[in-house]
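In what follows, chains are A, B, ... by sequence order, proteins preceding strands, each numbered from 1. These numbers were taken from a predicted model, which means no experiment stands behind them.
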There are 2 protein chains.
Amino acid sequence: MSDLLDRLRDRGWRLTSQRRVVAEVLDGDHVHLTADEVHARAAERLPEISRATVYNTLGELVTLGEILEVATDGRAKRYDPNAHRPHQHLVCFACGTIRDVHPTGDPLAALPAAERFGFTITAAEVTYRGLCADCVRRSG
Amino acid sequence: MSDLLDRLRDRGWRLTSQRRVVAEVLDGDHVHLTADEVHARAAERLPEISRATVYNTLGELVTLGEILEVATDGRAKRYDPNAHRPHQHLVCFACGTIRDVHPTGDPLAALPAAERFGFTITAAEVTYRGLCADCVRRSG
DNA sequence: TTCTTGACTTAGACTGTGTCTATCTTAGGA
DNA sequence: TCCTAAGATAGACACAGTCTAAGTCAAGAA
């Protein structure tokens, strides 16, 4: 993840210990943490870090395109460090687990011009929903 | 919309004036109101209706499959009375306008078995995002 | 028609998530 | 090393939604 820190420094990001631990917490490609989870993990290394700083830093990383904001339910947003490879999400109804998935084709192509109502469309997000194997087993 | 009220009565729904006005507010196929907007419109006809009742009633209608809950951003959920015709949503980045759209094909078919990770998948929601014609004009 | 009862409604407290403000601290250039 | 604007902090605030305890009423029974 030092390449993330390098990229940020190259863009003139002032590197503080708080920003460093937030970036480190988001290291790895298969986590989808809430802001509070990021805060809790960051606080293990830097106990005095504040919630506001975590929110600010996450917001900046989203603006810079280094992480994605994912709102799969009405609850807390989740932050996805896998921003450089296009993907969609698969969410378990029961336990809320999120997996990155890679459908074939471009979902945008499925929307005919007549269904675009003059919009300039730039993104198509797909959320697949179901029960994960563990929750199927558990529920019978 | 009296067919909605009929369907609800058939399912043993106790019909109160509060539930009636909430159902009436949701009449029509192209509204996507927040709970607070539903409450405001319901209160025009029944000023003493409480927020809790609106939330309860919306939740019941969702459970019964009569309306859909739509969470297109991290903000308030919206309620979509167009639950009986499958469709997806097109959302304007700038003004938040939501339109129902009908893409071709089944988005579920685009997800290969190898990308399903043992999930029993039952739904695929697609959110198209872009700028509506009005906001394109305004911004540039 | 009136009575009865449990389902429904209410006000308002409470929770979780996120934002804002005023003040203090500090990274990094001079 | 010093300066200063960018960043961090605590805590108040805002919004969306849930919960609780007490009061009300729709609809079946008599």
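- Shortest non-hydrogen contact noted between A:Gly65 and A:Ala83 is O-CB, 3.6 Å.
- When the C1' atom of C:dT10 is taken as reference, atom NE2 of B:His39 falls 10 Å away, rounded to whole Å.
- When the side-chain nitrogen and oxygen atoms of B:Gln18 are compared with OP1 and OP2 of C:dT10, one or more of them lie within a distance under 4.0 Å.
- Rounded to whole Å, atom C1' of C:dA11 lies 13 Å from atom CD of B:Glu48.
- In the model, B:His89 has no side-chain atom that pairs as donor or acceptor with a side-chain atom of B:Glu125 under 3.5 Å.
- In this structure, B:Leu33 places its CG atom 16 Å from C1' of D:dA16, rounding to the nearest Å.
- Remark on DNA chain D: of its neighbouring residues B:Arg51 and A:Ala52, the 5'-side contact belongs to A:Ala52, judged by nearest-heavy-atom nucleotide.
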Detail all sub-3.5 Å separations between protein N/O atoms and N/O atoms belonging to nucleotides 28-30 of chain C.
residue : atom : partner : partner atom : Å
C:dG28  : OP1  : A:Leu15 : N            : 3.1

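- Among B:Ile98, B:Ile67, B:Leu68, the one residue that satisfies the side chain to side chain contact (heavy atoms under 4.5 Å, CB included) test with B:Arg78 is B:Ile98.
- Ion pairing of A:Arg41 with A:Glu24 is absent here, as no side-chain N (NZ or NE/NH1/NH2) approaches a carboxylate O to less than 4.0 Å.
- If you take CZ of B:Arg19 and P of D:dT24, they are 19 Å apart, rounded to a whole angstrom.
- Checking C:dT17, D:dA16, C:dG18 against every side-chain atom of B:Asp36, the shortest atom distance belongs to D:dA16.
- One atom, CZ of B:Arg20, and another, C1' of C:dT9, lie 16 Å apart when rounded to the nearest Å.
- Straight-line distance from the CZ atom of A:Arg75 to the C1' atom of D:dC15: 14 Å, rounded to whole Å.
- B:Arg9 has a carboxylate O that lies under 4.0 Å from a charged side-chain N of B:Asp6, or vice versa, which qualifies the two as a salt bridge.
- Judged by distance alone, with hydrogens and angles left aside, the side-chain atoms of A:Tyr128 form no donor-acceptor pair with the main-chain N or O of A:Gln88 at under 3.5 Å.
- If you check C:dT19, C:dT10, D:dA16 against the side chain of A:Tyr55, the one that comes closest is C:dT19.
- Put simply, CZ on A:Arg78 is 13 Å from C1' on C:dT17, counting in whole angstrom units.
- Side chains of A:Asn82 and A:His32: no donor on one and acceptor on the other come within 3.5 Å.
- One interatomic measurement links the two molecules: CG of B:Leu61 to P of C:dC8, which rounds to 12 Å at whole-angstrom precision.
- Among D:dT9, C:dT17, C:dT9, the nucleotide with an atom closest to any side-chain atom of B:Ser50 is C:dT9.
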